[in-house]
Amino acid sequence: MSKLILVDGNSIAYRAFYALPLLTNSSGVYTNAVYGFAMMLMKIIEEEKPTHMLVAFDAGKTTFRHESYQEYKGTRQKTPGELAEQLPLVQELLHAFQVPTYELANYEADDIIGTLAKECGPQGVETLIVSGDKDLLQLVDEHVELLLTRKGVTETERYDVQAIRDKYGLSPLQIIDLKGLMGDSSDNIPGIPGVGEKTALKLLAQYPSVEEVIAHVDELPGKKLQEKVREHQEQALLSKKLATIYTKVPLEFGLEALQLPERDPERIAEFFKKMEFKTLLSRIGKQDQAAGKTGQTATSDVTVREVTSVSELVEAQEIFDQDTLALFVEATEDNPHRAEVIGLSVSDGETQLYLPYSLVEESEFVRDWLMDPKRHKLVYDLKKTQIVLANKGIEVAGLSFDVLLAAYLLDPSESQMELSDIIARYGKEPIPSDDEVYGKGAKRKVPTGEALARHLAAKSKAIYQVAPTLKQELTDTDLDELMFGLEMPLSSVLADMERQGVHIDKDRLEELGVELKHSLDRLEQEIYELAGTTFNINSHKQLGEILFDKLGLPVLKKTKTGYSTSADVLEKLAPQHEIVEKILHYRQVGKLYSTYIEGLKKEIGPDGKIHTRFNQTVTATGRLSSTEPNLQNIPIRMEEGRRIRQVFIPSEPGWHILAADYSQIELRVLAHIAEDEQLQKAFKEDKDIHTQTAMDVFGVAEDEVTSLMRRQAKAVNFGIVYGISGFGLARGLDIAQKEAREFIDRYFETYPGVKRYMDSIVEQARRDGYVATLSGRRRYLPSINAKNFGERSFAERTAMNTPIQGTAADIIKLAMVKLARAMKERNLASRMLLQVHDELIFEVPEAELEEMKDLVVAVMEDALPLSVPLKVDVNVGETWYEAK
DNA sequence: TCGTTCACG
DNA sequence: ACGTACGTGAACGAC
């Protein structure tokens, strides 16, 4: 059967352009739109396997629509030059893929697509339209579906008739009426002023078309609305006409002309090479080889010498004479605390050696080389390398560059951090990914012999080749200090913390588990009784049916998949039925039991300790994250959960847990970078900041601040740090949006410096494409100029929040590095165990308690001097629970 | 594998 | 009128 794909070329090019940062290739040609277009094209062809295809473009400036409405698309900004110059390249791309393209004077791409869709559908051709423009929803019917780009280029949403009905409650053709009523600012279609999507949908639910709405104008709710409709009815009808896609374009070709020939990889490769699209190039190669049944990225040009005996090693050992080698240590699993070392490879860029670990054990020479600080090693994942070797008694030294950390600093938003991805991103010769070689999930199996040696050799060679590029990039973007002065030393500190681990009181954990289990069983029975039936309380679906269908409670909020049963909804429903409170409590206890009791139990090692992993290359802001288990979200807010902290105890008898936390670090950072005198004053005088904000915002004296006022001021302070919005604050405080906006206005009047900062940081993000922390850590914000409101607003809030959250992260990281050094210098036995974003946890022998308290406070407070003081509180106890 | 919920800062 | 609070990870059910 035939399958036709129709692509709205301009729309996809626009999407690609705004979704990706302004890339250029080495000759200075902008390529981001072409790149995005290519990604989308490859994905569509791969996933949909069309037999026929056409990419339609808009031709020229005017269309037949301008005859009836001259201002059509009048507000649209001119295509930016950086995009315009890429459009011919997009054409070239399509030629390389041998995909037909078409444009016709006087018509838009929509019209061409519409005509073909309506013509081919009835012939039994399955048709899929690809666009970023919701207007095309009107073309959907039983033969035609629409793939709408959502975020980026490759994230899409698929619409058929039912999906449109589910989302809008409209038939595809009513999309035109929707636009007639609400207009479309991007096309300068007026609609009826004051009518937006919400009102329009409400109207269409009752009167199915613009004409019907006009005919029943007297029955519409609200005098104002009636007036508006009467006054602008002509305009609404015109808008509808403009929004209607013309499906009778005189085309001189039929379906046959759109047949997709078998693709020509060489032609495509040639184009990608010219554009310098290394990743895509390797993907083409991969697919072709897959067809040729090897299924793997080629590594044929890597030469590797597999060394299996000491005598062979002696022959090969001269490579170790060099100052700098790349080193890759392979382990049996991701988690270094449970992993065994398999073997290692080294590379000088030309020669690669592979040594199985058994040989490393035998060879004192290699162990000495590993521990020699003067022998520089370039690695991927310094922390893991250090941990797996340390577990073998090898204190590796001379790790002088980490490719993983470098790639993270250069773009912390990038989620693909595997070595093969980094290599591809920086245009080096591709290597296979671990998944390709080892297999995925349950099928993962590390090969032996030749295949393993080759893969590891490819990795160390890749490290050797990409390291200089990354180093240069770090220097060029002023990130080198952050790399060598902060993240690399921190990696070692984290390695020690992880290896040290936290001791767990198993008996107490067991005890708490039994207690919670009883509580859970009791609640379960009570809920079944109140519901009159048994069901799975953990299933949102079943719970929703009980609450809203069976018990008839009002539906306050819905999710994509059904009723929302989240805590904030349930709290509102609690007064209406006693079951609700039980469910809330059941959820709370259930969470404690499964995540914290059972979850932690699973992670206790043979040494009675938990060794979390602090991930240094995950967050976009520079914070750490913690996994297996996550020890950064152990309960504290509710007493019932807080008791979990009783199981975290010192690993030596007579020692203590010491916890030190920064007080209000983010607001202090804000006071500093915003240079707001009023806010700085509050901190210099060490005021309770939420009370102070309440006094300033409400204009009352300290003793007049009510607890409500303080609570609201606190929420405003939170909101400010998150990148304030009226809606967000309204939700946080459960008040009207208007009221929330007034709070914000008053806040900005009180702290004008903060207002100036918020404006200027967004402005700066628009100009530079990124924001930075106080130490220069960057985060790129490509959607800051997006057309889509939601996407753009998100980027704006991120621009406001990231320098604050990120600077706080810089500060505590710096404190950790300095503290680790100071503790070593003073020969202290105390150990740093955990970091939880604004606090550090230690275990400390009795004799060191006083010294440690002073030292920790001093180093943390002075880690990075600001224009306001940093304040650190310390607490000591026999468990983490008591150190509060 | 995705969506929802909820634990933390 | 638009549609969100910032940053994470784990468990669970549904598909």
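A, B, ... follow the sequence lines: proteins, then strands. Residue 1 opens every chain.
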Practice item. Specify the residue among A:S626 and A:S594 whose closest nucleotide of DNA chain C lies further upstream toward the 5′ end. Key: A:S626
Check your understanding: Is A:E487 salt-bridged to A:R777, going by a charged N under 4.0 Å from an acidic O?
Key -> yes
Practice item. Would you check if A:F727 stacks with the base of C:dT4, given a 5.5 Å centroid limit and a 30° plane limit, both strict? Key: yes
Practice item. Name the nucleic acid region contacted by A:A809, choosing base, sugar-phosphate or nothing; use a 4.0 angstrom heavy-atom cut-off, strictly under. Key: nothing
Practice item. Taking A:T807 for its side chain and A:P803 for its backbone only, find out whether a donor-acceptor pair lies under 3.5 Å. Key: yes
Study note, to complete from the structure: Checking C:dA14, C:dA10, C:dC6 against the side chain of A:T627 (C-beta onward), the nearest is C:dA10
**Study point:** Rounded interatomic separation in angstrom, taking CD from A:Q835 and C1' from B:dC8
**Key:** 12 Å
Exercise for review: Select base, sugar-phosphate, or nothing to describe what A:Q588 touches, counting heavy atoms under 4.0 Å on all strands.
Suggested key: sugar-phosphate
Check your understanding: At under 4.0 Å, does any side-chain N or O of A:R637 touch on OP1 or OP2 of B:dC8?
Key -> yes
Revision key, fill the gap. Considering only heavy side-chain atoms of A:I724, the closest of C:dG9, C:dA5, C:dG7 is C:dA5
Check your understanding: Counting just side-chain N and O atoms, does A:T595 come under 4.0 Å of either OP1 or OP2 of C:dG9?
Key -> no
Revision key, fill the gap. With the side chain defined as heavy atoms from C-beta on, A:T559 is closest, among B:dT4, C:dG7, C:dA5, to B:dT4
Point to revise | A:Y596 OH to C:dA10 P, straight-line distance once rounded to whole Å | key: 10 Å
Review point. Short question: side chain of A:S239, backbone of A:G183 - any donor-acceptor pair under 3.5 Å?
Key: no
Exercise for review: Please work out which of the three classes, parallel, tilted or perpendicular, describes the rings of A:F648 and A:W880, given edges at 30° and 60°.
Suggested key: perpendicular
Study note, to complete from the structure: To the nearest angstrom, the CG-P distance between A:L592 and C:dA11 comes to 13 Å
**Study point:** Between C:dC15 (C1') and A:H540 (NE2): distance, integer Å
**Key:** 14 Å
Exercise for review: With heavy atoms under 4.0 Å as the rule, sort A:E839 into base, sugar-phosphate or nothing.
Suggested key: nothing
Practice item. Verify the ring-centre separation between A:Y747 and A:F743: is it less than 6.0 angstrom? Key: no
Check your understanding: Starting at NZ of A:K813 and ending at P of B:dG9, how long is that distance when rounded to a whole Å?
Key -> 19 Å
Review point. Counting only heavy atoms not in A:R766, do more than 12 fall under 6.0 Å of its CZ?
Key: yes
Practice item. Output yes when at least one side-chain N/O atom of A:N536 is less than 4.0 Å from OP1 or OP2 of C:dG13, else no. Key: yes
Exercise for review: Round to a whole Å and report the spacing from CG of A:N615 to P of C:dG7.
Suggested key: 17 Å
Review point. Do any side-chain nitrogens or oxygens of A:R623 fall under 4.0 Å of OP1 or OP2 in C:dG7?
Key: no
Point to revise | Shortest side-chain distance from A:N801, nucleotide among C:dC6, C:dG9, C:dC15 | key: C:dC6
Review point. With sugar-phosphate meaning primed atoms plus P, OP1 and OP2, does A:G790 contact a base, only sugar-phosphate, or nothing at under 4.0 Å between heavy atoms?
Key: nothing
Check your understanding: Under 4.0 angstrom, heavy atoms only, what part of the nucleic acid is A:A799 near: base, sugar-phosphate, or nothing?
Key -> nothing
Practice item. Looking at every strand, decide which applies to A:I804 at a 4.0 Å heavy-atom threshold: base, sugar-phosphate, or nothing. Key: nothing
**Study point:** Nucleotide nearest A:V836 when distance is taken to its side chain, options B:dG9, C:dG13, C:dG7
**Key:** B:dG9
Study note, to complete from the structure: Regarding the side chain of A:S564, the nearest nucleotide among C:dA11, C:dG13, B:dT5 is B:dT5
Practice item. Tell me what A:N630 touches on the nucleic acid: a base, only sugar-phosphate, or nothing, going by heavy atoms under 4.0 Å. Key: sugar-phosphate
Exercise for review: Counting heavy atoms from C-beta on, name the nucleotide in C:dC2, B:dC6, B:dG9 closest to the side chain of A:F789.
Suggested key: C:dC2
Point to revise | Interatomic distance, A:R642 CZ vs B:dC8 C1' [rounded to whole Å] | key: 13 Å
Practice item. Output the single nucleotide from B:dT5, B:dG3, C:dA10 whose closest atom is nearest the side chain of A:K560. Key: B:dG3
Exercise for review: Would you mind telling me which residue lines up with the more 5' stretch of DNA chain C, A:A620 or A:K134, judged by nearest nucleotide?
Suggested key: A:K134
Check your understanding: Within the pair A:R797 and C:dA5, is there a side-chain N or O less than 4.0 Å away from OP1 or OP2?
Key -> no
Exercise for review: Quote, to the nearest angstrom, the C1' distance that separates B:dC6 from C:dC2.
Suggested key: 29 Å
Review point. Does the side chain of A:R779 get closer than 4.0 angstrom to OP1 or OP2 of C:dG7 through an N or O atom?
Key: yes
Check your understanding: If you check the A:T565 side chain, which of B:dT5, B:dG9, B:dC8 turns out closest?
Key -> B:dT5
Check your understanding: Contact class for A:S539 (heavy atom, under 4.0 Å): base, sugar-phosphate, or nothing?
Key -> sugar-phosphate
Exercise for review: Count the heavy atoms of every other residue, nucleotide or ligand shown that sit under 6.0 Å from CD of A:E739, and state whether that count exceeds 12.
Suggested key: yes
Study note, to complete from the structure: Rounded to whole Å, CD of A:Q737 lies from P of C:dA1 at a distance of 11 Å
